[in-house]
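Okay, structure first, notes after.
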Amino acid sequence: MPTVSPSAVHDVTVIDRRELAPGIVLIGLHAPALARVTRPGHFAMVIPPSGETAATALGIYEAHDERVSLLFFAVGKRTHELATLKIGDPLGVIGPLGNGFTIGDARDVAIVAGGVGIASVLLPAQRALAAGARVRLYYGARTRDLLVERERFAAEGCDVLVATDDGSDGYRGYVTELLAQTHEPPELILACGPSPMLRAVARTAGEMNVPAQLSLEETFACGVGGCWGCVVPLVRDSAQAPSFPPAERQGSDVVYARICKEGPVFWAHELRW
Amino acid sequence: MPTVSPSAVHDVTVIDRRELAPGIVLIGLHAPALARVTRPGHFAMVIPPSGETAATALGIYEAHDERVSLLFFAVGKRTHELATLKIGDPLGVIGPLGNGFTIGDARDVAIVAGGVGIASVLLPAQRALAAGARVRLYYGARTRDLLVERERFAAEGCDVLVATDDGSDGYRGYVTELLAQTHEPPELILACGPSPMLRAVARTAGEMNVPAQLSLEETFACGVGGCWGCVVPLVRDSAQAPSFPPAERQGSDVVYARICKEGPVFWAHELRW
Amino acid sequence: MNTHSVDLSVTIGKLELPYPTFMGSGCYGSGEEFAPFVDLSRIGAVVLKSVTRLPRLGNPTPRLVHTPAGMLNAIGLQNPGIDWYLDHDVKKFAERPCAVVGSVAGFSVDDYAYTVERLAARDEIKAIELNISCPNVAHEGETFACDPRLTANVVRAARATTDKTLIVKLSPNVTDIAGIAREAEAAGADALAVINTVRGMAIDVETWRPRLGNVTGGLSGPAIRPIAVLAVYEVARAVKIPIVGQGGIETVTDALEFFLAGASAVSIGTGNFTDPRIPVRIVDELAEYLARRNCASLRQIVGKANVGFANPYQFEGDEG
Amino acid sequence: MNTHSVDLSVTIGKLELPYPTFMGSGCYGSGEEFAPFVDLSRIGAVVLKSVTRLPRLGNPTPRLVHTPAGMLNAIGLQNPGIDWYLDHDVKKFAERPCAVVGSVAGFSVDDYAYTVERLAARDEIKAIELNISCPNVAHEGETFACDPRLTANVVRAARATTDKTLIVKLSPNVTDIAGIAREAEAAGADALAVINTVRGMAIDVETWRPRLGNVTGGLSGPAIRPIAVLAVYEVARAVKIPIVGQGGIETVTDALEFFLAGASAVSIGTGNFTDPRIPVRIVDELAEYLARRNCASLRQIVGKANVGFANPYQFEGDEG
Ligand SMILES: Cc1cc2nc3c(=O)[nH]c(=O)nc-3n(C[C@H](O)[C@H](O)[C@H](O)COP(=O)(O)OP(=O)(O)OC[C@H]3O[C@@H](n4cnc5c(N)ncnc54)[C@H](O)[C@@H]3O)c2cc1C
Ligand SMILES: Cc1cc2nc3c(=O)[nH]c(=O)nc-3n(C[C@H](O)[C@H](O)[C@H](O)COP(=O)(O)OP(=O)(O)OC[C@H]3O[C@@H](n4cnc5c(N)ncnc54)[C@H](O)[C@@H]3O)c2cc1C
Ligand SMILES: Cc1cc2nc3c(=O)[nH]c(=O)nc-3n(C[C@H](O)[C@H](O)[C@H](O)COP(=O)(O)O)c2cc1C
Ligand SMILES: Cc1cc2nc3c(=O)[nH]c(=O)nc-3n(C[C@H](O)[C@H](O)[C@H](O)COP(=O)(O)O)c2cc1C
Ligand code: FES
Ligand code: FES
């Protein structure tokens, strides 16, 4: 996942705002420079308009022509503030950041998205479809209403398989159970969602013997590799490990990588969590 | 200034919002219970919608039928947040609070307002006019554009005399100079505005030998008399002094009164500042 | 578990309260001021503004400054002195539908003993909080609560004058709050109030003058909550007596952090300035939370923060 | 006065900087990470992440928590150790268009002396900051900076190894920061960094676990600004060496509070997480402010907070 990104601080404008479900908002931005260089799996740090402390990490949902969009859940102070943005409001966005998904020439891709993870998987889905791959989206949420944008993925050409915790739509249970039940293992799995889901994806991918790339989340401070606050342990000889003294010399078989810098996308088999 | 107010926390709704000048906002609220009991000079504590710490003291600008309005300058964090309120938004308002103006049977009233002080003087103007008094409004601001609502006061029946620091409208200089130049001293002066203006009003009123009531401002915490954060020194035998041991016994000729509780309106000659 | 059957009562020394919520000293007047906005019978106790032996006019204005997620205050203990207080103010406290706790400040061990003895003798006063940590009347910020020996002396002297519940209020402006807490406990405190305000300062960059008349002040509100939660956590591991946790509590979540850290009760000060309904909202939501977690009583969760996880990975230098 | 003719330069020991802005240790990587967002030639100096004698993996995750107007961190000094650092990292620092200041942490006086000596020997490193105040690797929060004697010992040992500018970073988690500052000055510090983070804790009320893997952490950001301004004010009155003020600086107004309180330079840490353009914006607006106030040089306003007003009114008890 070697994408090096020409990132910058972008002063952009809100051109579109939709509440997809209660507390789930999609914001469209006029951001030509950012749209041009964004790749699947990139994220952005959004500067709080009120000056609230610390920018917020959000995946880049769409990026085409002059437009970028962000899809987020209003969970805390900063995302609640972003939910109040109106068309015409200015916004500072730092991006694109991180190393994204590598789709290569996989012909059959399974994408697993849980909850807000959906925000980071449209771009890789589009990339895979454009390359002619079959794309199955395994999409899980607590309940039917939170399965936002599923029609969008279908319209793009994905096969959409859904799971809900409460059984209100699709499979009742975890989306990873749905993945495990497939009779046609994909060539590549890409996943984004809450930690427990990603761990289950990693397990299932291992059992299926299919390589998997996981987009991880942690609380971020800087988002650019400057604070070492967002780490995850990798196996010590991972290609993604940061420059560091050989871990084995230090009596440890792991090395902490920064999710914001070396990730957020990691190969499942290199994670030690 | 003996008005005892049946105050409460009111859950109200924004029904009107206008930007009167850049950074000066008027918000109309559907607040029948509050409107009913508000008297001239009362203020309210507005609960920050985002949960920001500490409610904000604002004068009650209008109060009639089921409507109350607030007029404020967006100067800091909390007033900036209030400036983003939209029609339909809920708001928590504590009020009415404080002891207001006493107009009595004065037949010729001069009201002096500086800047945001205008927010606290419409109700006393209306009261005096309703009682048949002549009301002159001496209204000062930095520049012409900030003389918001002057037509409103004229329409109510006030004689409006304006002063601007930059001479862009009316008298060039302080509004209190304008007051001092009158050949017809009023029977009563009511004033609200920045401290230096109020001091000048007190001086001028003393020279004219006219009683004056000043509505003071300080940083508030509780707004209800619970924290003793908002005090002003009064002469020790003031009728408005709080229950306290006789000041003279303590070797001091002042006693601190709470602006939020014993005020915000005080007789100019009882202040020791 | 049903919300109504949850037991929220607490015992602090001899003080039995139906609700675990104190209203912070100096923030709530004598309770009366807030009666129009909140049902006082649904709060635990009001802690009165601190009173001193002699009358105090307090600090010059400004006494308050808003700061990010908090405020600085430097009231300087304005109060009429214990004589006037006993004659004029205390009898009204009997009317309050909640417990009334007196708060005493002073400038010498004698001051404290004298004022505590006189105040504690009154029936209207159910317990005494010893404010040995007010940063706004101190010389260079040094208060009794900054010194283990002075803390011990003043607590011992106050203890000798009364059997009523004695709550000692600690300062966060120290290197080792747990050490001070141990001294207070050994000297006879029934409970500890943790924490008083954190010392701070703000400067007006146009006038170049401090934004408080007293130059420095005490920081309160959500800004200091993480500092307060840690102080409670450390004190709870050092003493056996109950703790009244405080510092930036505005929601049930905030209050729960303190209970889990080891507070038996919480106190709300600055939160009342944001919305006077906060104390009752916290009590309601606390009952809901406990019912949802199948806890019959608040006491079950006090001090239950689970810190027992070890670092799975280490390098050589990590042992340092 | 014209904005361009205002002199913003500062002298910190032997370090001469065109701008009075440091980027806080641990917040800014080695500067490179922020180069796409800000013109590094327009900042004063980058203070590197603290390095230790041996490699450290650092604390378990989570290492960060957002709190009101600030954040808690408990990174735990993850770093590759001085050997690897000198071989692999330090040479790249020569490319930075601003001064690069090394930061050293340790667990014994020897550690500090050893690491400072080796790091200071490198030309790429213009000055050394002695981090004796990291709350995240300490036993019960006690660091060198919590004890006057330990502070003196470690500063003296480091001083003996190098002539380069030595900046000693102090902890706010003490009863008397001015006393510690005096010790550091007497032991040979060229300057003081005031303050490091304030100790704090947050608890997840659903899992009942601390929200940091290390249980406790250090609070930074605007929440602690009033605490930091006061610390600078008190330290400035206690020592003659220059102070690098820090804690919650995000705007020119914030920075000015520190200069007026007595800081010769400021440091921006958490502010970079809010918007990386903040350091350059502060420098631009500082020049505008000084021009407007007819000050030819920033040095003119350092320590100029005017605290000389007396309380006009007093009661008997006010003298207490
Ligand atoms: C690389 C990356 C990409 C991301 N992409 C997206 C995206 O596309 N869309 C999206 O919606 N999110 C995304 N996130 C997550 C998002 O960054 C966080 O949800 C965001 O930080 C929330 O900020 P906040 O201020 O609104 O909430 P915060 O206040 O930071 O709270 C965050 C979470 O912690 C919980 N919390 C807060 N206080 C407490 C407490 N006292 N006890 C227990 N829990 C508490 C909140 O309820 C909330 O769930 C991404 C994160 C990363 C790292
Ligand atoms: C009884 C009463 C009635 C009032 N009525 C009205 C009214 O009707 N309309 C109205 O607009 N206002 C009124 N006010 C004033 C209003 O309450 C304050 O302006 C309000 O507190 C501002 O809150 P804020 O959070 O927006 O600003 P704050 O952050 O509290 O800032 C207040 C002021 O301090 C300044 N300030 C902030 N930080 C600094 C700093 N570091 N250095 C120097 N200065 C700083 C700000 O620029 C601003 O001018 C009234 C006040 C009182 C006491
Ligand atoms: C305006 C104000 C006045 C205070 N006065 C006192 C006091 O007289 N005595 C005292 O012990 N504490 C006093 N305090 C401290 C509070 O009781 C409380 O301990 C502290 O503010 C932290 O809690 P909070 O963040 O909930 O306010 C005062 C606090 C404020 C904000
Ligand atoms: C994520 C993070 C990591 C930090 N790491 C270090 C460190 O390694 N060494 C150090 O001396 N200070 C460290 N600090 C403290 C900062 O340099 C600074 O002194 C403190 O955060 C206060 O300033 P601020 O509010 O501007 O961040 C760290 C702070 C943060 C937020
Ligand atoms: S968030 Fe700072 S290094 Fe990743
Ligand atoms: S603001 Fe609390 S007494 Fe006036």
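Just so we're on the same page: letters track the sequence lines, and every chain starts at 1. None of these values were measured; they are calculated from a predicted model.
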Under 4.5 Å, counting heavy-atom pairs only, tell me which of B:Ala54, B:Gly223, B:Gly76 racks up the most with chain C.
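Highest number of heavy-atom pairs under 4.5 Å: B:Ala54.
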Among B:Ala221, B:Gly225, B:Cys230, which has the most heavy-atom pairs under 4.5 Å with chain C?
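That would be B:Ala221.
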Return the option, out of C:Gly70, C:Ser25, C:Gly26, with the maximum number of heavy-atom pairs under 4.5 Å with chain B.
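Of C:Gly70, C:Ser25, C:Gly26, C:Gly26 has the most heavy-atom pairs under 4.5 Å with chain B.
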If we define contacts as heavy-atom pairs under 4.5 Å, which of C:Met23, C:Lys49, C:Glu250 has the most with chain B?
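Option with the top pair count is C:Glu250.
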Would you confirm whether B:Ser120, through its side chain, and B:Gly117, through its main-chain N or O, come within 3.5 Å as a donor-acceptor pair?
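A pair under 3.5 Å: no.
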Does B:Ala83 offer a backbone N or O that forms a donor-acceptor pair with the side chain of B:Arg17 under 3.5 Å?
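Between the backbone of B:Ala83 and the side chain of B:Arg17 there is a qualifying donor-acceptor contact (under 3.5 Å).
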Part of C:Asp89 within contact of chain B (heavy atom distance under 4.5 Å)
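It is the side chain, since no backbone atom gets that close.
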Need one label for C:Phe37: side chain, backbone, both or neither, based on atoms under 4.5 Å from any heavy atom in chain B.
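Both backbone and side chain.
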Under 6.0 Å between the ring centres of C:Phe273 and B:Phe220?
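They do not qualify: ring centres at least 6.0 Å apart.
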Pair B:Asp65 + B:Arg67: basic N to acidic O under 4.0 Å
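Salt bridge flag = no for B:Arg67 with B:Asp65.
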Could you check whether C:Arg225 pairs with C:Asp254 (Lys NZ or Arg NE/NH1/NH2 to Asp/Glu carboxylate O, under 4.0 Å)?
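The answer is yes: the pair qualifies as a salt bridge.
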Chain C heavy atoms under 4.5 Å from B:Glu218: which part of the residue, side chain, backbone, both or neither?
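Side chain only.
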Under 6.0 Å from the ring centre and within 45 degrees of the ring axis: does the NZ or CZ of C:Arg63 meet both conditions for the six-membered ring of B:Trp228?
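Because its charged atom misses either the 6.0 Å distance or the 45° angle limit, C:Arg63 does not stack over B:Trp228.
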